[in-house]
Amino acid sequence: MISAKPITIAGAGLIGASIAWRLAQAGATVRLFDSGRVGGEASWAGAGMLAPGSEFLRQSQWTELALESLDLYPGYVEELRQESGLEIDYVGCGAIEYPGAPEDWPAMRERGESQRAYGLACEVGENELRYPRDAVVDPRQVMDALAEACRRRGVEIHEGAPLNHYDTQGAPLVIAAGAWSGRLAITENGKKVPLPETVPVKGHLLGYRLEPGTLKTILRRGHTYVLQRSNGYTLAGSNEERIGFDREINAKVVADIAERAARLCPLLEGRAHEEAWCGFRPQTKTGALALGRVEGTSVWLAYGHYRNGILMAPSTARRIAEELVAG
Ligand SMILES: Cc1cc2nc3c(=O)[nH]c(=O)nc-3n(C[C@H](O)[C@H](O)[C@H](O)COP(=O)(O)OP(=O)(O)OC[C@H]3O[C@@H](n4cnc5c(N)ncnc54)[C@H](O)[C@@H]3O)c2cc1C
């Protein structure tokens, strides 16, 4: 049974907007609030690799959700294209990961072999791991399509409307405010609802204009990766800094990423990047996903996806929407 009360969602990034869309499809009355606009922060900044292969080195709470999402992605994108009438660039290009140094290879090979046991398609090569099912999506296009699909489904959208202090009065609330989630002050009939704390993990990306079709797969080595969209736009990343919500583009970090990326992908040698930007990956203080109902309350958590929220949006939305619909 769907809730007769409106469901309020704090945060209109990929996670919050996907949940809003799924709930509206199920017939719920949904109110989506964002301190900025529908489009998200990390979701706007992210590269869009759907690449659990190099992310989940052992089985954990994340792997099931990530693999489920990888399976859901083609259908999720197709349904969004149809409901919004907008194009979304999604390419099932696979990924190749190289070791950082020759001495890293034995452990990496062992990891690749063990990943197969929990369902990750991994091919172990001579000196590289291949993940043929990994893919790339343009998260900004996904966000545009989600915004349109939500509007068409009648989601009430409130932009420039932060939910900083909010009392649920017993009506369902979903917290999907990315790296800001832990800062919200939520009460239920006057009683404080405890929320897992969040840490913003800053990361930079560089964008290059290349000919379409010049890079056929995602390339990875350690924290360095290069991927290409269908129109040739090529992204290189990244780094990690835990220094709060600092939006400054760090020239040293940018130069380091450019140098690492050119070593990994010779196509970038001698090329200048067109733009550089940064964003905040949402991590919880413990590193665990904040997912599901806060016991004894009408508050649901959907945050802490860290480096993989673009990948994990479809399965997160499915799970949270199903729980809310079930009552
Ligand atoms: C450089 C970089 C590269 C990345 N690459 C990838 C990748 O390749 N693949 C992948 O899967 N993931 C990647 N990620 C991670 C991914 O982007 C995030 O995990 C994901 O976007 C999180 O989505 P979200 O909706 O939780 O957060 P966000 O997109 O940050 O959305 C949160 C929203 O909440 C709003 N908000 C904040 N405070 C409030 C409030 N008080 N009330 C209401 N709204 C509020 C914000 O304005 C924002 O719109 C990357 C991230 C970065 C930074």
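Here, residue 1 is the first one in the sequence, and each next residue gets the next number. Note that ligands are numbered from 1 as they come in the structure, with each ligand's atoms numbered from 1 the same way.
Backbone and side-chain nitrogen or oxygen atoms of Gly46 are examined, and none is located within less than 3.5 angstrom of a nitrogen or oxygen of ligand 1. Geometrically, ligand 1 and Ser238 share no nitrogen or oxygen pair separated by less than 3.5 Å. Considering backbone and side-chain N/O of Asn164, one or more are found under 3.5 Å from N/O of ligand 1. In terms of polar-atom proximity, Leu163 is counted as a contact of ligand 1, with an N or O under 3.5 Å from an N or O of the ligand. Looking at ligand 1, you won't find any N or O of Pro162 less than 3.5 Å from one of its N or O atoms. Considering both main-chain and side-chain atoms, Glu41 comes within under 3.5 Å of ligand 1 through a nitrogen or oxygen pair. The shortest N or O to N or O distance between Ala161 and ligand 1 is not under 3.5 Å. Polar contact with ligand 1: absent for Ala302 (N/O pair, distance under 3.5 Å).
Asn231 places none of its side-chain heavy atoms less than 4.5 Å from the side chain of Asp89. Side chains of Ile320 and Ile15 form no contact here, defined as non-hydrogen atoms less than 4.5 Å apart.
Set against the non-hydrogen atoms of Tyr225, the atoms of ligand 1 under 4.0 Å away are 3 (C). The ligand atoms of ligand 1 that sit less than 4.0 angstrom from a heavy atom of Phe33 are 43 (C), 44 (N). Here is the list of ligand 1 atoms found below 4.0 Å of a heavy atom in Leu14: 25 (O). Residue Leu184 approaches ligand 1 through these ligand atoms, each under 4.0 Å from one of its heavy atoms: 41 (N). Close approach of ligand 1 to Gly40 is summarised as follows: ligand atoms under 4.0 Å from at least one heavy atom of the residue are 29 (O), 31 (O), 48 (C), 49 (O). Per-residue contacts place Ala47 under 4.0 angstrom from the following atoms of ligand 1 (heavy atoms of the residue considered): 3 (C), 4 (C), 5 (N), 6 (C), 8 (O). Using a 4.0 Å cut-off to heavy atoms of Gly203, the atoms of ligand 1 that qualify are 1 (C). Interface atoms of ligand 1 facing Ile15, defined by a heavy-atom separation under 4.0 Å, are 23 (O), 24 (P), 25 (O), 26 (O).
Thr234 and Gln228 are linked by a side-chain donor-acceptor pair at a separation below 3.5 angstrom, with hydrogens and angles left out of the test. Side chains of Gln115 and Tyr131: a donor on one and an acceptor on the other come within 3.5 Å. A donor-acceptor contact under 3.5 angstrom links the side chains of Thr316 and His305, judged on distance only. For the residue pair Glu83 and Trp21, a side-chain donor N or O sits within less than 3.5 Å of a side-chain acceptor on the partner.
Residue-level proximity to ligand 1 for Tyr303 is absent, since no heavy atom of it falls below 4.0 angstrom. When non-hydrogen atoms are compared, ligand 1 lies under 4.0 Å from the side chain of Trp180 (C-beta onward) but not from its backbone. When heavy-atom distances to ligand 1 are checked against a 4.0 Å cut-off, Tyr306 comes that close only through its backbone atoms N, CA, C and O. Contacts between Arg307 and ligand 1, counted as non-hydrogen atom pairs separated by less than 4.0 Å, involve the backbone only. At a 4.0 Å heavy-atom cut-off, ligand 1 touches Leu311 through backbone and side chain alike.
Among Gly178, Gly13, Pro282, Gly304, the residue whose heavy atom lies closest to atom 22 (C) of ligand 1 is Pro282. Considering each of Arg281, Gln283, His305, Met49, the one bringing a non-hydrogen atom nearest atom 52 (C) of ligand 1 is Arg281. Atom 23 (O) of ligand 1 has its nearest heavy-atom neighbour, among Pro52, Ser43, Gly309, Gly11, in Ser43.
Heavy-atom distances between Ser35 and ligand 1 reach below 4.0 Å in at least one pair. In this structure, Trp277 falls outside the shell of residues with a heavy atom less than 4.0 angstrom from ligand 1. Using 4.0 Å as the threshold, Gly48 has a heavy atom nearer than that to some atom of ligand 1.
With hydrogens and angles disregarded, no donor-acceptor distance shorter than 3.5 Å links the side chain of Thr8 to the backbone of Arg31.
Salt-bridge formation is detected for the pair Glu87/Arg81: a Lys NZ or Arg NE/NH1/NH2 atom is positioned less than 4.0 Å from an Asp or Glu carboxylate oxygen. Between Glu113 and Arg111 there is no salt bridge, since no side-chain N of the basic residue sits under 4.0 Å from a carboxylate O of the acidic one. Glu68 has a carboxylate O that lies under 4.0 Å from a charged side-chain N of Arg318, or vice versa, which qualifies the two as a salt bridge.
Remark: minimum distance from atom 17 (O) of ligand 1 to any protein heavy atom is reached at Ala42 O, 3.0 Å. At the top of the distance list for atom 47 (O) of ligand 1, counting protein heavy atoms only, stands Asp34 OD1, 2.7 Å.
For Glu275, there are no salt bridge (Lys or Arg N to Asp or Glu O under 4.0 Å) partners at least two apart in sequence or on another chain.
Closest approach of Ala121 and Arg133 over heavy atoms only: CB-CG, 3.9 Å. Nearest heavy-atom pair, Pro139 versus Arg229, reported as atom, atom and distance to 0.1 Å: CD-NH2, 3.7 Å. Asp134 and Pro52 make their closest contact through OD1-CD, 3.5 Å (heavy atoms, listed as atom of the first residue, atom of the second, distance).
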Trace of the salt bridge (charged side-chain N to carboxylate O under 4.0 Å, His left out) decision for Glu197 with Lys285: CA-CA 6 Å; Glu197 285 179 59; Lys285 217 159 191 181; 3.2 Å; yes
Worked verdict on Tyr225 versus Ile257 for side chain to side chain contact (heavy atoms under 4.5 Å, CB included): CA-CA 9 Å; Tyr225 54 81; Ile257 294 173; over 6 Å; no
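Two rings, from Phe280 and Phe245, have their centers less than 6.0 Å apart.
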